Amino acid sequence: MRDLPDFAIFITDPEGTVITWNAGVERNLGYTESEFVGQNLSVIFTPEDVANGGPRREMEMAIRHGTFPDRRWHTKKDGTSIFVDGVITALKSESGELTGFAKIMRDVTRRKRMEEALQKSNEELSNFAQLVAHDLGAPLRAISIHLDRALSRLAGPLDDETKASVDFVHKGVRDMQNLIQDLLKLAQISASVEAQPVSLEAALEKALSYFQAVMSATGAAVTHDPLPIVEGNATQFAEIFQNLIGNALKYRSERPPRIHVSVSRYGREWAISVEDNGIGIEAKYLDRIFESFKRLHGGEISGTGLGLTICKKIVERYGGRIWAESQAGKGSKFWFTLQAN
Ligand code: ADP
């Protein structure tokens with residue numbers, strides 16, 4: 001047990017009292033052999049973990065599952081903290097009787113601190129983006145309101161040219177508000193909290209609820225396969241559907257929109273597609289549309305050029321990919337993958 005000095009390795013009896021030790025224990029946790037052998041393994045747990053029955057629970061999980069992962073803060077002999085990545089294994093005799101536990105662990109404090117720093121800086125970026133969005137939004141709202149107030153004080157109806165200018169200002173304000181919101185969403189994707197089980201079916205329903213009016217005005221129909229539960233963030237998955245369905249409706253042809261959401265499983269991944277019968281996309285642009293501000297149908301149809309960038313960033317955050325297939329004039333099919341459980 002003198003090998004592997006980067007790893008702290010020790011064996012306990014069934015009660016958790018340490019029987020043997022390697023040099024890695026001293027290097028990682030600061031205890032010499034004589035200080036460590038004979039102690040209960042709870043000595044390296046934080047006072048909170050000990051109070052919550054952490055050591056006992058870990059041993060019980062090892063008995064139940066054979067081996068159990070241990071990723072947590074521990075306490076060194078000098079009282080400082082160490083974050084470890086390790087496992088505890090229940091040792092059994094040939095007759096199946098518990099003879100003790102083996103614990104192997106490695107110091108990953110630096111990595112843990114870097115992860116925490118990254119999470120903190122993402123949160124700061126997200127807070128900053130929120131402040132900027134708020135501060136940019138306020139003058140925009142003021143422009144619209146004061147323009148309307150000023151106009152209401154003018155006597156008589158507006159001539160066509162003035163009306164067109166006023167509409168232009170209002171549209172400019174709306175476009176700018178949408179752009180601020182999309183930039184805010186983009187900045188917040190990496191700062192979002194841990195993954196939860198999310199029903200993609202519910203995410204799709206939420207997205208569709210935004211489009212009731214345009215769907216009935218255009219005679220659109222959206223159908224879908226039964227959708228799975230995946231790990232992630234509900235708001236972000238709704239965001240993906242909102243962008244893809246929104247585009248399928250926006251870039252429609254003369255025909256009433258027919259949109260289908262399908263799902264197939266390939267090994268450990270779900271491949272989800274959103275197919276439309278809209279105007280389609282020329283093959284040479286199929287990759288570039290995922291870049292920020294890349295718009296093919298600029299003038300006539302409003303948009304920020306960030307919708308697909310947002311989808312890509314969300315999908316990639318969960319280890320997936322996104323791409324498009326299309327035939328100009330026939331329709332488009334957007335695919336994305338997500339990890340299956
Ligand atoms: P936006 O819709 O705001 O312009 P997106 O990033 O969502 O931005 O899309 C980028 C461009 O890709 C769009 O401007 C459009 O030209 C093209 N596009 C996206 N979805 C479709 C679709 N379903 N059918 C045809 N063109 C599409």
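Start at 1 and go down the list; that is how both ligands and their atoms are numbered. Since this is a predicted model, take the numbers as computed values, not measurements.
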Exercise. Any luck finding a side-chain donor-acceptor pair between Thr89 and Thr67 under 3.5 Å?
Worked result: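 The answer is yes; a qualifying pair exists.
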Exercise. In the hydrophobic cluster built from side-chain contacts under 4.5 Å, what are the other members alongside Leu131?
Worked result: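 Via sub-4.5 Å side-chain contacts, Leu131 links to none.
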Problem set entry | Pairwise side-chain contact, Phe10 with Ile44, heavy-atom cut-off 4.5 Å (strictly under) |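 Contact flag for Phe10/Ile44 side chains = yes.
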Problem set entry | Residue pairs involving residues 271-295 (criterion ring pair (Phe, Tyr, Trp, His ring centres under 6.0 Å); sequence neighbours excluded) |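 Applying ring pair (Phe, Tyr, Trp, His ring centres under 6.0 Å) to every pair that reaches into residues 271-295, excluding sequence neighbours, yields nothing.
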Exercise. Excluding sequence neighbours, so at least two apart, what forms side chain to side chain contact (heavy atoms under 4.5 Å, CB included) with Thr109?
Worked result: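 With sequence neighbours excluded, Thr109 shows a side chain to side chain contact (heavy atoms under 4.5 Å, CB included) to Trp73, Ile82, Phe83, Asp107, Arg113, given in chain and number order.
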Exercise. Looking only at atom types and distance, does a side-chain atom of Asn22 sit under 3.5 Å from a main-chain N or O of Phe7, one as donor and one as acceptor?
Worked result: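 Pair found, side chain donor or acceptor close to backbone of Phe7.
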For this session: Could you pull out every protein residue that has a heavy atom closer than 4.0 Å to ligand 1, ordered by chain and then number?
Result: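 These residues qualify: Asn247, Ala248, Lys250, Tyr251, Asp276, Gly280, Ile281, Ile289, Lys294, Arg295, Leu296, His297, Gly303, Thr304, Gly305, Leu306, Gly307, Leu308, Ser332, Phe334.
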